[in-house]
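First comes the structure, then the notes that go with it.
These values consider heavy atoms only, across backbone and side chains, with no hydrogens, waters or symmetry-generated copies. A quick note: this is a predicted structure, and the numbers were derived from the prediction, not measured. Residue numbers run from 1 in the order of the sequence given.
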Amino acid sequence: MHDLRARAVSNLVQSGWEVRLSSSRGVPYFYNLETRESMWEAPPDLTQEQIAALPGAKEYLPGGHGGANGERPAQVRASHLLVKHRGSRRPSSWKEQNITRTKEEAVSILLGYAEQINGSPDKFAELASKHSDCSSHSHGGDLGFFKPGQMQKPFEDATYALKVGEISEVISTDSGVHLILRTA
């Protein structure tokens, strides 16, 4: 059985299909190195097991990290809405020179935003653009891709625990309090 699976994986690699991430849309797509064909949907002649075995599948396909080995993906992408407070490591932002609110006030503000967002990625980006205390506000809160060890641990752990499209509860870090939207 193991030899059969190894041959199937070898055939896939030889067939030229791999999973890539669209830089413009931030979503995975399928690309054939030999034919230079690309498509948003999986090639119809591939089984789910074959798709999961493609180069790039583990990193870019939703659920690619949820396999039998339970490994985390190599990287994730997220947006966030940050509300700083006077206990934040840098209690200032692009919109407020000296932040004096308490952590409790910051959490209350963030919970108000969460009610307005109500699971909508578009509303998340709109509110992050207007209200986030992070410079990522200019990109709707988008932080781009990051790997383990690049973000503060509570932020990283919360992001990796989310499924693509999910929004976190309030997460507290040294920077302040966040809502996190996992986008890839």
Rounded to the nearest 0.5 Å, what's the gap from [atom1] on [X] to [atom2] on [Y]? Could you check?
X    : Y    : atom1 : atom2 : value
S38  : F30  : OG    : CZ    : 11.5 Å
L110 : S168 : CG    : OG    : 8.0 Å
E37  : W17  : CD    : CH2   : 4.0 Å
D122 : I117 : CG    : CD1   : 11.5 Å
D133 : S92  : CG    : OG    : 9.0 Å
H137 : S129 : NE2   : OG    : 8.0 Å

Would [X] end up clustered with [Y] when hydrophobic side chains under 4.5 Å apart are linked, directly or stepwise?
X    : Y    : value
V83  : I180 : no
L81  : W94  : no
Y113 : L162 : no
V19  : L46  : yes
Y29  : L33  : yes

State, to 0.1 Å, how close [X] and [Y] come at their nearest heavy-atom pair, and which atoms those are.
X    : Y    : value
N32  : T35  : OD1-N, 3.1 Å
A161 : E166 : O-OE1, 4.4 Å
T183 : S79  : CG2-OG, 4.1 Å
S172 : P154 : O-CB, 3.6 Å
R36  : Y31  : CG-OH, 3.4 Å
R182 : T159 : CD-O, 3.3 Å

Quick one: are [X] and [Y] in side-chain contact, heavy atoms under 4.5 Å?
X    : Y    : answer
D142 : S136 : no
E96  : R101 : yes
V107 : I109 : no
K103 : E105 : no
S93  : I99  : yes
Y160 : M151 : no
L143 : R77  : no
H85  : P91  : no

>> Applying side chain to side chain contact (heavy atoms under 4.5 Å, CB included) to L82 and V177, what does each step give before you reach the verdict?
In response: CA-CA 6 Å; L82 169 66; V177 291; 6.0 Å; no
>> Students often mix this up, so state it plainly: with edges at 30° and 60°, are the rings of F155 and F146 parallel, tilted or perpendicular?
In response: tilted
Determine, for [X] against [Y], whether the closest basic-nitrogen to carboxylate-oxygen distance falls under 4.0 angstrom.
X    : Y    : result
E18  : R20  : yes
K123 : E115 : no
D174 : K153 : no

>> Take a 6.0 Å sphere around NZ of K147 and say whether it holds more than 12 heavy atoms from other residues, nucleotides or ligands.
In response: no
> Would you find more than 12 non-hydrogen atoms of other residues, nucleotides or ligands less than 6.0 Å from E169 atom CD?
Replying inline: no
> Is there a side chain to side chain contact (heavy atoms under 4.5 Å, CB included) between Q116 and L127 once you walk through the steps?
Replying inline: CA-CA 9 Å; Q116 292 178 56; L127 291 179; 3.8 Å; yes
>> Assess the residue pair R90 and K84 against the criterion (side chain to side chain contact (heavy atoms under 4.5 Å, CB included)); give the C-alpha distance rounded to whole Å, side-chain angles, the decisive distance to 0.1 Å, and a yes or no.
In response: CA-CA 8 Å; R90 279 191 21 248; K84 291 185 175 184; 4.1 Å; yes
> Going through the distances and angles, do E126 and H131 end up as a side chain to side chain contact (heavy atoms under 4.5 Å, CB included)?
Replying inline: CA-CA 9 Å; E126 177 189 327; H131 302 294; over 6 Å; no
>> Assess, by modelled atom type and distance only, whether the side chains of T173 and H178 contain a donor and an acceptor separated by less than 3.5 Å.
In response: yes
